[in-house]
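In what follows, a structure is listed as structure tokens, so that the remarks can point back to it.
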Amino acid sequence: MSWDPNEYHDTYQERVLELIEAKRTGATVEKGEPPPKATKVLDLMAALQASVETAKSHRQQVGAEEEASQRGRPPTHIKEAAEKRRTRTTKKTEEKPPKPSELKELSKTELYQRASDANIPDRSSMSRDELIKALSGRGGRRKAKVS
């Protein structure tokens with residue numbers, strides 16, 4: 001497909017040239033159609049006012065939480081976070097380490113992911129067997145003691 005500029009013409013420029021020629025000859029020039037009215041006008045002041053009200057209410061809520069913490073009562077979001085932390089730690093202490101026979105069915109990638117979740121140190125340099133030992137609680141690599 002090729003573009004041929006002769007196939008296209010500038011209608012705006014043609015209209016302006018017609019108006020200039022009409023003015024030069026003294027002919028009457030008719031005004032063009034008025035621009036169409038906007039269909040959806042936003043009330044910027046109302047939007048700004050709503051934004052300011054939202055910010056004020058947020059500041060008041062934060063201020064109330066700070067005031068509650070000063071009175072000795074922690075804000076609700078802190079209570080919820082503490083409860084989540086408590087349930088997570090109780091779940092961890094209740095879980096027993098998996099048996100080596102269960103771990104032998106997993107790939108090295110899956111073992112490495114479990115080691116990451118368990119925060120086992122030096123897991124990146126461990127072999128598959130060492131990961132199984134570390135995850136089963138029988139120890140893994142032991143660091144040499146400095147004498």
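These figures come from a predicted structure and were not determined experimentally.
- Considering CG of Asp122 and CG of Leu131, their distance stands at 11.0 Å, rounded to 0.5 Å.
- Between Met126 atom CE and Ile132 atom CD1 the span is 12.0 Å, to the nearest 0.5 Å.
- Side chain of Thr25 to main chain of Glu21: a donor-acceptor pair is present (N/O by atom type, distance under 3.5 Å, no hydrogens or angles).
- Glu7 pairs by the salt bridge (charged side-chain N to carboxylate O under 4.0 Å, His left out) definition with nothing, not counting sequence neighbours.
- Remark: Glu130 does not engage Lys133 in a salt bridge, criterion side-chain N to carboxylate O under 4.0 Å.
- Cluster annotation: Tyr8 and Tyr12 are assigned to distinct hydrophobic clusters (Ile/Leu/Val/Met/Phe/Trp/Tyr, side-chain heavy-atom contacts under 4.5 Å, transitive).
- With sequence neighbours excluded, the residues that form a salt bridge (charged side-chain N to carboxylate O under 4.0 Å, His left out) with Glu18 are Arg15.
- When all heavy atoms of His9 and Glu14 are compared, the closest pair comes out as CD2-OE2, 3.1 Å.
- For Gln13, the side chain to side chain contact (heavy atoms under 4.5 Å, CB included) criterion is met by Asp10, Leu17, not counting sequence neighbours.
- Arg114 contributes no side-chain N or O that, together with a main-chain N or O of Leu111, makes up a donor-acceptor pair within less than 3.5 Å.
- Once rounded to the nearest 0.5 Å, the distance linking OG1 of Thr28 with NZ of Lys23 reads 10.5 Å.
- Expressed to the nearest 0.5 Å, how far CG of Leu44 lies from CD of Gln49 amounts to 13.0 Å.
- Between the NZ atom of Lys108 and the OG atom of Ser127 there is a distance of 6.5 Å, given to the nearest 0.5 Å.
- Ser107 is not listed as a side-chain neighbour of Tyr112, based on a closest heavy-atom distance of 4.5 Å or more.
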